[in-house]
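Worksheet: one structure, shown below.
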Amino acid sequence: LVISLRKSPPVTKGRRFFMHKNLKYKILAAVMAANSFGLYAASTAAAEVIVENNILYANGTPIVIETGEEYGGGYNTIIGIGSTSSGDVSGGNVTVNNGNITGTFDKLGGIFGGVATGVVQNNQVTINNGTIETNTNNDEYGYGGIFGGVADGSANSNYVTINNGYITNNNAKYGGVFGGAASGDVKGNYVTINDGDITNDNNEYGGIFGGFATHGGVSDNTNGSDVSNNQVTINSGNITNSNSVYGGVFGAFSDITNANISNNHVIINSGTIINDVTTGGIVGGIFGGVANYGSANSNYVTINNGNITNSNASYSGIFGGVASGDANNNHVTINNSDITNTNSVYNGISGGISTSGNASYNYVTINNGSITNQTTINGIAGIIGGFSEGANAKINNNHVIINGGTITNNVTTGGIIGGASINGTVSSNSVTINGGTINSNVYGGFSDTSPRTPVPENNQIIINGSANISNAGLYGSNRTGSDTG
């Protein structure tokens, strides 16, 4: 049985699945507690750069850091622009070319393009070189890292670009690199990493996030939010996300009720990425979009070249969309990459996964590379077009297409599967193998229900070209039906 995102228990005391205070009181109150946030209200005329209580407030003035001693030094946190009023902010611009920005914080540390209680938009942070290290004192609501924009309202069109440098973010509730984070809509935020060494360790939510949406708990907001068109692009670098409950690289992540997670992207063109979450963690890997309490549709992961390892979470691997609601039309494309997924309940690569809704029209396409999925934990693992554990869910028209590469699945249950279900209807799914070497069982459809009904229907395996399937087992489904293989 796959562990549900919705049902997963807290991993350690104090690490709750829901947030219990909104962003305004987590991040803005942290600054206000220093008696200094009011120094840079968004409406300030002739804005002045101020350093107080180890925080540099740029007040909307574009600033460039060369050594960390500009503006008199003495700061380990930079905020481009912000407001404690109910207004919006935009235009924060922070550039770090070199120098050391390091420190230990109670609640807030790092570099923030913009912070607002309303809408934060069109802010940017650029890191060209230097050393940036944030160590938060494991505060329940601590923020540590690099953020394009953070808001209690919405976060739109904020940007983080990392061209080089050494970046470490440790011990925070939210630690890593975030394009935009908010309690409402989160749209069009971008993180681009061109090179550098980035480590995010021992954060509850730790990693690289294009867009991040959260609130104070399920009962606080049932109106949903639009979390769309966010993107993470990694062109090179060494990235490690470790010892987190939720860790990895995310086009978008949301725990807002009825959220719509759509058209978010992760694009990896090169680099080494290790996502090794704490044992018992919930998700760890690379995700186009994750909706803990909503739908994830039309999200994309494209890996063109990379060396990627994912391990030790309930969900470890590479996923187009993961949702408690519907997960439809999500895509994963792998080109020329080395990928290893180990030691997880759900372990592998999937276009779309739902814990209670439908999963249809999801795709996994593998054009080349070496992929190994290995686990002895009892769960459905491997390479799966679409999967749902929802009662009466529809798992239809999901597809895995393999054009080349070497694929090895050493798993207890699963293999290469077009569509899979715990309790739903599995029909019209397919696996097409045009080339490559397959060391795995292959199923057009897979149903792991108890009692085992309904039977998968009209699922297919299609073999073309010169694929090496001498070590493969081919099955239309794992049960008797009208499937073909």
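Computed from heavy atoms alone, side chains included, the values below leave out hydrogens, waters and symmetry copies.
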Could you list the donor-acceptor pairs under 3.5 angstrom formed between side-chain atoms of residues 128-135 and any protein atom two or more places apart in sequence or on another chain?
residue : atom : partner : partner atom : Å
Asn128  : OD1  : Asn163  : ND2          : 2.7
Asn128  : ND2  : Asn97   : OD1          : 2.6
Glu133  : OE2  : Asn135  : ND2          : 2.9
Thr134  : OG1  : Asn169  : OD1          : 2.9
Asn135  : OD1  : Asn170  : ND2          : 3.0

Minimal non-hydrogen separation, [X] against [Y], with atom names:
| X | Y | result |
| --- | --- | --- |
| Phe319 | Gly348 | CZ-O, 4.1 Å |
| Ser244 | Val277 | O-CB, 3.1 Å |
| Glu389 | Tyr315 | OE2-OH, 3.8 Å |
| Phe209 | Val191 | O-CG2, 3.5 Å |
| Ala296 | Ala323 | N-CB, 3.6 Å |
| Val160 | Phe147 | CG2-C, 4.0 Å |

Just jot down the side chain to side chain donor-acceptor pair (under 3.5 Å) partners of [X], sequence neighbours excluded, or say none.
| X | value |
| --- | --- |
| Asn123 | Asn158 |
| Thr199 | none |
| Asn335 | Asn304, Asn367 |
| Asn164 | none |

Quiz item: Quick one: ring pair (Phe, Tyr, Trp, His ring centres under 6.0 Å) partners of His331, sequence neighbours excluded?
Solution: Tyr300, Tyr363
What's the separation between atom [atom1] in [X] and atom [atom2] in [Y], rounded to the nearest 0.5 Å?
| X | Y | atom1 | atom2 | answer |
| --- | --- | --- | --- | --- |
| Asn230 | Ser157 | CG | OG | 9.0 Å |
| Asn76 | Asn54 | CG | CG | 4.5 Å |
| Ile268 | Ile239 | CD1 | CD1 | 7.5 Å |
| Ser236 | Ile162 | OG | CD1 | 12.5 Å |
| Ile167 | Ile193 | CD1 | CD1 | 7.5 Å |
| Asp195 | Asn238 | CG | CG | 8.0 Å |

Measure from the side-chain N and O atoms of [X] to the backbone N and O of [Y], and report whether any donor-acceptor pair falls under 3.5 Å.
| X | Y | result |
| --- | --- | --- |
| Asn264 | Val227 | yes |
| Thr77 | Ile55 | no |
| Asn362 | Asn329 | yes |

Would you tell me whether [X] and [Y] have side-chain atoms, one donor and one acceptor, within less than 3.5 Å of each other?
| X | Y | value |
| --- | --- | --- |
| Asn397 | Tyr361 | yes |
| Asp201 | Ser242 | yes |
| Ser295 | Asp326 | no |

Practice problem: Would you please test Asn373 and Ile371 for side-chain contact (heavy atoms from CB on, under 4.5 Å) and show each step? | Solution: CA-CA 7 Å; Asn373 300 305; Ile371 299 172; 4.0 Å; yes
Taking only residues two or more places apart in sequence, or in another chain, which ones meet [X] in a side chain to side chain contact (heavy atoms under 4.5 Å, CB included)?
| X | value |
| --- | --- |
| Asn235 | Thr192, Asn194, Thr233, Asn269 |
| Asn429 | Ile395, Asn398, Val426, Asn459 |
| Ser354 | Ala327, Ser388 |
| Asp185 | Ser154, Lys187, Ser225, Asp226 |

Exercise. For side-chain contact (heavy atoms from CB on, under 4.5 Å), just list the numbers for Thr161 and Gln124, CA-CA rounded to whole Å, side-chain angles, deciding distance to a tenth of an Å, and then say yes or no.
Key: CA-CA 8 Å; Thr161 302; Gln124 59 185 359; over 6 Å; no
Exercise. Count the heavy atoms belonging to other residues, nucleotides or ligands that lie under 6.0 Å from OH of Tyr71, then report whether that count exceeds 12.
Key: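 Yes - once you tally the heavy atoms of other residues, nucleotides and ligands closer than 6.0 Å, there are more than 12.
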Practice problem: May I ask you to test the Ile65-Ile111 pair for a side-chain heavy-atom distance under 4.5 Å? | Solution: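 Not touching, per the 4.5 Å side-chain cut-off.
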Quiz prompt | Within-4.5 Å side-chain heavy-atom neighbours: Glu70 and Tyr75 | solution = yes
Quiz item: After noting the C-alpha distance and the side-chain angles of Tyr205 and Phe212, does the key distance pass the side-chain contact (heavy atoms from CB on, under 4.5 Å) rule?
Solution: CA-CA 10 Å; Tyr205 295 80; Phe212 186 89; 3.8 Å; yes
Self-check item: Intermediate values then yes/no, side-chain contact (heavy atoms from CB on, under 4.5 Å), Ile63 and Leu56
Solution: CA-CA 10 Å; Ile63 62 171; Leu56 186 157; 3.5 Å; yes
Exercise. Could you go through the side-chain hydrogen bond (donor to acceptor under 3.5 Å, both in side chains) check for Asn241 and Asn275 one step at a time?
Key: CA-CA 5 Å; Asn241 302 305; Asn275 299 306; 2.8 Å; yes
Exercise. May I ask you to decide if the ring planes of Tyr246 and Phe253 are parallel, tilted or perpendicular, using 30° and 60° as cut-offs?
Key: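 Plane angle over 60°, so perpendicular.
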